Amino acid sequence: MLIRIIIKIVVVLVLIISPVYLFAQGSGYPVEDTVEDPVEDAVEDPGGDPGVPFDGGASIAISAVAIFAIKKYRDRKKQKRASI
C-alpha cells in the first residue's frame with residue numbers, strides 16, 4: 001500500500017517537473033544579463049518569436065510514451081494476478 005502511494009507521488013512529480021527540463025526554450029524565467037556584449041547589440045532581431053518551441057512537441061511525445069508504458073505495465077500486472 002505504501003509503495004503504491006510512493007509510486008503515485010513520484011509519477012506526479014516527474015510529470016510536473018519534466019516540462020521544465022524537456023522544453024527547448026528553458027524555464028521561462030528572465031535571466032539578467034550583467035555583461036554587455038557589443039556584438040549582440042549590433043545584431044538586429046530578424047523578426048520575432050514564432051511562438052513555437054524548438055523541440056516541436058518532443059517533450060509532449062516523451063510524456064505520452066511514459067504514460068502509455070505505465071498503463072501497459074499495470075495491465076500486465078493485472079493479467080498476472082488474474083492468471084494466478
Side-chain angles (χ1 to χ4, degrees):
M1 182 74 163
L2 181 62
I3 293 176
R4 287 184 182 180
I5 294 172
I6 292 172
I7 290 173
K8 288 178 183 180
I9 291 171
V10 169
V11 168
V12 168
L13 288 175
V14 167
L15 292 176
I16 290 172
I17 295 172
S18 63
V20 173
Y21 295 106
L22 296 176
F23 284 129
Q25 292 185 351
S27 63
Y29 298 109
V31 178
E32 294 184 24
D33 189 12
T34 57
V35 179
E36 292 185 24
D37 187 10
V39 175
E40 184 178 310
D41 293 337
V43 177
E44 293 181 21
D45 189 12
D49 188 16
V52 178
F54 179 73
D55 66 351
S59 57
I60 295 172
I62 291 170
S63 299
V65 168
I67 292 170
F68 182 73
I70 291 169
K71 181 186 178 306
K72 285 295 183 179
Y73 175 75
R74 286 184 174 179
D75 290 345
R76 287 184 183 166
K77 224 174 171 182
K78 285 180 184 178
Q79 286 178 352
K80 283 184 181 180
R81 286 184 187 166
S83 65
I84 294 178

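Just so it is clear, the values below take in all heavy atoms, side chains as well, and ignore hydrogens, waters and symmetry mates. In what follows, residues are counted from 1 in the order of the sequence shown. Quick caveat: nothing in here was measured; it's all calculated off a predicted structure.
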Please determine which of L2, I9, I3 meets the side-chain contact (heavy atoms from CB on, under 4.5 Å) test together with I6. L2

Please identify each residue that fulfils side-chain hydrogen bond (donor to acceptor under 3.5 Å, both in side chains) with K71, with sequence neighbours left out. D75

Walk me through whether R81 and K77 qualify under side-chain contact (heavy atoms from CB on, under 4.5 Å). CA-CA 6 Å; R81 286 184 187 166; K77 224 174 171 182; 4.1 Å; yes

Determine, using the 4.5 Å side-chain heavy-atom cutoff (strictly less than), whether I70 and L15 are members of one ILVMFWY cluster. yes

Residues joined to Y73 in its hydrophobic cluster, side chain to side chain under 4.5 Å directly or through other members, sorted by chain and number, are none

